[in-house]
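Counting from 1, the numbers follow the sequence of the chain as shown.
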Amino acid sequence: MGCDIHSYIEYAEFTANDGQPYWKNFTKNNGSRNYVMFGVLAGVRVPEAKLFDPKGMPEGRLGFDTSDDYWDCVAPESNPEWADSDDWVSLEQAERWVESGYSVGERDENGRLRRVSGPDWHSHSWLNFTEVQQAMDHYLSQSSKFWPNEMNELPAEWLATLAAMKAFEDAGKQTRLVFWFDN
């Protein structure tokens, strides 16, 4: 079974009224199945290449696209048929996922689950711009150990990720790369 990455470049232009950064999405980079890179970022598939331990999801807000992809909504009791469509799940299934530890859940003020993370998501993390730079340098130092007969350059999608984050940083924005993996 393969493993894929779900990664999102987020940037913050300003701080919201509650004092937290207001994160927006720039792009989503699911990239290729580069297990050495997965190892560098979070110890996934190639743990001996690991530079960073997974940090979990960032505190506070996520960009809209990140949040939309991360969470499945729990169908309301008035419309249980919604659980049959994409990005929706029944309350019973959501409770099973949370109880089994496959998902994390967010509850409303009455304690009812309102949304849950995907049950296949794992090794959630995020890196700031400096950490992404460090990850790319570490990847270059590690890749030849695993692919000795191939060109060991940064994959184009990771060069683009770093360039986009640098452009936002140069414009005075905060940036981060939020990601998780699935099996």
Side-chain angles (χ1 to χ4, degrees), residues 1-14 21-72 86-87 102-104 115-183:
M1 177 185 291
C3 178
D4 295 307
I5 190 169
H6 302 259
S7 66
Y8 305 79
I9 296 172
E10 295 185 342
Y11 67 97
E13 293 183 285
F14 60 90
Y22 186 84
W23 294 100
K24 296 181 180 182
N25 284 96
F26 173 65
T27 191
K28 173 180 174 176
N29 169 18
N30 289 342
S32 59
R33 285 185 177 163
N34 186 323
Y35 292 157
V36 175
M37 185 64 77
F38 295 1
V40 169
L41 296 174
V44 171
R45 292 291 170 122
V46 182
E48 54 274 26
K50 180 173 71 171
L51 180 61
F52 297 106
D53 288 319
K55 298 178 186 178
M57 291 299 282
E59 296 287 326
R61 291 183 185 86
L62 296 171
F64 177 81
D65 293 333
T66 311
S67 180
D68 190 48
D69 288 351
Y70 181 71
W71 295 107
D72 286 335
D86 288 344
D87 302 325
Y102 293 136
S103 297
V104 296
R115 60 187 188 173
V116 292
S117 63
D120 293 328
W121 305 154
H122 63 87
S123 307
H124 312 81
S125 197
W126 61 276
L127 300 174
N128 64 33
F129 174 68
T130 301
E131 292 167 326
V132 171
Q133 285 181 308
Q134 292 169 350
M136 299 306 115
D137 291 342
H138 189 69
Y139 173 86
L140 290 173
S141 75
Q142 296 295 304
S143 61
S144 63
K145 295 176 186 176
F146 301 96
W147 299 322
N149 298 323
E150 297 184 27
M151 298 263 313
N152 291 298
E153 300 173 345
L154 283 173
E157 67 266 21
W158 291 101
L159 288 170
T161 296
L162 192 59
M165 291 178 77
K166 181 172 183 351
F168 283 110
E169 291 279 331
D170 288 348
K173 316 288 188 244
Q174 289 180 276
T175 61
R176 66 185 182 188
L177 182 70
V178 179
F179 57 93
W180 59 87
F181 302 86
D182 72 44
N183 302 351

If the plane angle is over 60° it's perpendicular, under 30° parallel, otherwise tilted; pick one for Trp180 and Tyr70.
perpendicular
Check the side chains of Asn128 and Thr175 for a donor-acceptor pair under 3.5 angstrom, ignoring hydrogens and angles.
no
Tell me every residue that passes side chain to side chain contact (heavy atoms under 4.5 Å, CB included) with Asp182, counting only those two or more places apart in sequence or in another chain.
Asp4, His6, Asp120, Trp121
By side chain to side chain contact (heavy atoms under 4.5 Å, CB included), which residues pair with Ser125, not counting sequence neighbours?
Pro54, Lys55, Phe179
Shortest non-hydrogen separation from [X] to [Y] and the atoms involved:
X: Phe38; Y: Cys3; answer: CE2-O, 3.4 Å
X: Val104; Y: Trp71; answer: O-CZ3, 3.7 Å
X: Ser103; Y: Val116; answer: CB-CB, 4.2 Å
X: Met165; Y: Leu127; answer: CE-O, 4.1 Å
X: Ala42; Y: Phe181; answer: CB-CE1, 3.9 Å
X: Arg115; Y: Ser67; answer: NH1-OG, 3.4 Å

Supply the atom-to-atom distance [X] [atom1] to [Y] [atom2], rounded to the nearest 0.5 angstrom.
X: Thr27; Y: Asp65; atom1: OG1; atom2: CG; result: 9.0 Å
X: Phe52; Y: Trp126; atom1: CZ; atom2: CH2; result: 10.5 Å
X: Leu41; Y: Ser7; atom1: CG; atom2: OG; result: 8.5 Å
X: Gln174; Y: Tyr22; atom1: CD; atom2: OH; result: 14.5 Å

Set out, in order, the CA-CA distance, both residues' side-chain angles and the distance that settles side chain to side chain contact (heavy atoms under 4.5 Å, CB included) for Ile9 and Asn25, then state yes or no.
CA-CA 6 Å; Ile9 296 172; Asn25 284 96; over 6 Å; no
Could you give the side-chain donor-acceptor pairs of residues 135-142 under 3.5 Å, partners two or more places apart or in another chain?
{"from": "His138", "atom 1": "NE2", "to": "Ala49", "atom 2": "O", "distance (Å)": "2.9"}
{"from": "Tyr139", "atom 1": "OH", "to": "Asn34", "atom 2": "ND2", "distance (Å)": "3.0"}
{"from": "Ser141", "atom 1": "OG", "to": "His138", "atom 2": "O", "distance (Å)": "2.8"}

Any salt bridge linking Glu13 with Lys24? Criterion: basic side-chain nitrogen under 4.0 Å from a carboxylate oxygen.
yes
Is Asp69 salt-bridged to Lys28, cutoff N-O under 4.0 Å?
yes
Phe146 vs Val46, test: side chain to side chain contact (heavy atoms under 4.5 Å, CB included). Steps then yes/no.
CA-CA 9 Å; Phe146 301 96; Val46 182; 3.4 Å; yes
Can you tell me if Glu10 uses its side chain to pair, donor with acceptor, with the backbone of Trp23 under 3.5 Å?
no
Take Met37 and Trp158 through the side chain to side chain contact (heavy atoms under 4.5 Å, CB included) test and state the conclusion after the steps.
CA-CA 9 Å; Met37 185 64 77; Trp158 291 101; 3.8 Å; yes
Stepwise, does the side chain to side chain contact (heavy atoms under 4.5 Å, CB included) test hold for Arg176 with Tyr11?
CA-CA 6 Å; Arg176 66 185 182 188; Tyr11 67 97; over 6 Å; no
Over 12 non-hydrogen atoms of neighbours within 6.0 angstrom of CD in Glu48:
yes
